[in-house]
Amino acid sequence: MRLSRYFLPVLKETPADAQIVSHQLMLRAGMIKQAAAGIYSWLPLGYRVLRNIERIVHEEQQRAGHIPMLMPTLQSADLWRESGRFDAYGPEMLRLRDRHERDMLYGPTNEELVTDIFRSHVSSYKTLPLTLYHIQWKFRDEIRPRFGVMRGREFLMKDGYNFDLTEEDARHAYNRHLVSYLRTYERMGLQTIPMRADSGPIGGDDTHEFVVLAETGESEVFYDSEVTDRRFGDRVIDYDSHDDCRAVFEEFTSHYARTGETHDEALFHERVPEARRRHARGIEVGQIFYFGTKYSEPMGATVQGPDGKPVPVHMGSHGIGISRLLGAIIEASHDERGIVWPAAVAPFQVGIVNAKQGDPASDAACEKLYATLARAGIEVLYDDRTERAGAKFATMDLIGLPWRVTVGPRGLADGVVELTNRRSGEREELAPSQLQGRLSE
RNA sequence: CGGGCUGUGGCGCAGCUUGGUAGCGCGCUUGUCUGGGGGACAAGAGGUCGCGGGUUCAAAUCCCGCCAGCCCGACCA
């Protein structure tokens, strides 16, 4: 992409409304524009990152055997009356009427819809286990939206639902999701800690939240310092193996780690030596639930078992806050100059800075490099504006691409360009012909 | 929803106390000189001062109402 033909409305000054660094940087980097309280337009740069995160979530979900689909944002109130949540959910649910005065709602979550799909089409235990998920916009009419995309009213979320014949199978689905989520977040360069949490209006007995530790987090968390050393890493796992998934579950949840609502001070003291007790703040980026037959019973989601008798299915649901993740990643990865994107989610992998636009040698070298990299499938943003080098550097630092190539008369006189790593600041000089190989490492 | 605050050009702000020509910085346009960390100079464009009503010869400024947004608290991917 040529920056001169792109749409990247960066701001030099920080808008007054933004309180936390991720919100400030998203606005300054031209990623989002507020449309109303807690509702944002995703400008091209922000949209690219959003899509990258979405893609990773899709890949990891499908790796775990979960099946993608898409349910609508607008739902009929009827199903929610059936589950009893039309009244129970409260004013956080946005209710509206269509032209025929029928009660509708903008979905805050999708248990009712997916359960309805399930009961319409699944009648045999042979179809189980089944996990369906989708990535769709949700609306929750928060009392006070804030912190940009971290607490918006409209937000993009992956929500998935597992249907199993037995509690044992459903527990496995729970563990499998925990493993899958750990992988997902690590791929985005985030360390998350699964914490025992409160189930809120979704209901159910068992639930863990995935928390990114951050000063600006909205949740109060208590944990054993041991948990921060855990890494899933690149281990290979058989998602169908109950034992393998349970082992990971136990490894990551054996130490004390709880959010404020479920925190038990006495237990904390009993189980964690004082030197390892931590009290901090965190950002919730996902949550998994096991809720048994809470929805399947009232809504009649049953299957015929091997003995021919109908049994309600055991269910769980699981969510990842896709749009919130942008904020969480920036909170966890930035410096005084701007965002530092982990490569996996970066809007472009490399930015080319033409230090002297209009200089024939510089222009030619940049054009050639741009074409070569693009042809190699590397996502590259070429800053071909007639700005001075300093302004281009500042823009690149702000938008946080992993690599920057600086091309100018100075280096070209020696036959080299400069490659700079955004995170470490390390720079090396190399011939333009070596660049593609270096970036593909 | 309670408490506090703010709406003035795309962004950041001043002007309001004491009513009388709408201003500054950034950004934007054009030109010249520049050119490796947000350049200099010059000339420009751009504003129903959130909306409605009132007071007044005259309202960004005073009064009333409404709307929007932000912050602090109780709720949440």
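These numbers come from a predicted model, not from an experiment. Here is how names work: the chains are called A, B, and so on, in the same order as the sequence lines, proteins then strands, and each is numbered from 1.
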Are A:Arg438 and A:Glu441 within salt-bridge range, i.e. N to O under 4.0 Å?
yes

Closest-nucleotide ordering on RNA chain B, the 5'-leading residue of A:Arg337 and A:Arg324:
A:Arg337

Answer yes when A:Arg81 and A:Asp87 have at least one side-chain N-carboxylate O distance shorter than 4.0 Å, and no when they do not.
no

Got a salt bridge between A:Arg2 and A:Glu367, using NZ or NE/NH1/NH2 to carboxylate O under 4.0 Å?
yes

Would A:Arg97 and A:Asp103 pass as an ion pair if we require N to O under 4.0 Å?
yes

Check the angle between the aromatic planes of A:His318 and A:His177 and answer parallel, tilted or perpendicular using the 30° and 60° thresholds.
parallel

According to the interplanar angle, ranging from 0 to 90°, do the rings of A:His314 and A:Tyr290 count as parallel (below 30°), tilted (30 to 60°) or perpendicular (above 60°)?
parallel

Side-chain N or O of A:Gln19 closer than 4.0 Å to phosphate OP1/OP2 of B:C72:
no

Can you tell me if A:Arg119 and A:Ser296 form a side-chain donor-acceptor pair at under 3.5 Å?
no

Distance criterion of 3.5 Å, no angle test: do you see the side chain of A:Gln357 paired donor-to-acceptor with the base of B:G35?
no

Look at all strands and tell whether A:Gly90 reaches a base, only sugar-phosphate, or nothing, counting heavy atoms closer than 4.0 Å.
nothing

Between A:Arg427 and A:Glu418, does at least one N-O distance fall below 4.0 Å, as a salt bridge requires?
yes

Here the distance between atom C1' of B:G38 and atom CG of A:Leu11, to the nearest Å, is 13 Å

Is any NZ, NE, NH1 or NH2 atom of the basic residue among A:Arg140 and A:Glu154 found under 4.0 Å from an Asp or Glu carboxylate oxygen of the other?
no

Heavy-atom nearest nucleotide on RNA chain B for A:Glu261 versus A:Phe147: which residue maps closer to 5'?
A:Phe147

Looking only at B:C71, B:C26, B:G37, the nucleotide nearest the A:Arg427 side chain is B:G37

Whole-Å distance between B:A77 P and A:Leu326 CG?
19 Å

Rounded to the nearest Å, what distance is computed from the CD atom of residue A:Gln34 to the P atom of nucleotide B:G69?
7 Å

So if I take every side-chain heavy atom of A:Arg410 and compare against B:A77, B:G36, B:G35, which nucleotide ends up nearest?
B:G36

Testing B:C11, B:C72, B:A77 for proximity to the side chain of A:Arg146, the answer is B:C72

Whole-Å distance between B:G10 P and A:Asp17 CG?
15 Å

Evaluate the ring planes of A:Tyr6 and A:Phe348, with Trp represented by its six-membered ring, and classify them as parallel (under 30°), tilted (30 to 60°) or perpendicular (over 60°).
perpendicular

Please list, in numerical order, the residues of residues 393-405 of chain A that have a heavy atom closer than 4.0 Å to any atom of RNA chain B.
A:Phe393, A:Ala394, A:Thr395, A:Asp397, A:Arg404

Reading nucleotides 1-6 of chain B 5' to 3', which nucleotides get B (base under 4.0 Å from a protein heavy atom), which S (sugar-phosphate only), which -?
B-----

Between the side-chain atoms of A:Arg385 and the base atoms of B:G38, is any donor-acceptor pair under 3.5 Å?
no

Just how far, in rounded Å, is P of B:G38 from CG of A:Asp383?
15 Å

Closest approach to the side chain of A:Arg140, judged atom by atom: which nucleotide of B:A77, B:G69, B:G36 is it?
B:A77

A:Phe252 and A:Phe232 aromatic ring geometry - parallel, tilted or perpendicular at 30°/60° bounds
tilted

With distance as the sole criterion, is a donor-acceptor pair present between the side chains of A:Ser83 and A:Glu112 under 3.5 Å?
yes

Give A:Gly152 one of three labels, base, sugar-phosphate or nothing, depending on what nucleic acid heavy atoms sit under 4.0 Å from its own.
base

My understanding is that a pair needs two contacts under 3.5 Å, Watson-Crick or G-U wobble. By that rule, which nucleotide pairs with B:C24?
B:G12

From B:G12, B:G36, B:A77, pick the nucleotide closest to the side chain of A:Ala389?
B:G36

Show me the protein contacts with nucleotides 27-30 of chain B, counting only N or O atoms at under 3.5 Å.
residue : atom : partner : partner atom : Å
B:G27   : OP1  : A:Lys12 : NZ           : 3.1

Quick note, A:Arg388 side chain, CB onward, closest among B:A77, B:G35, B:C26 is B:G35

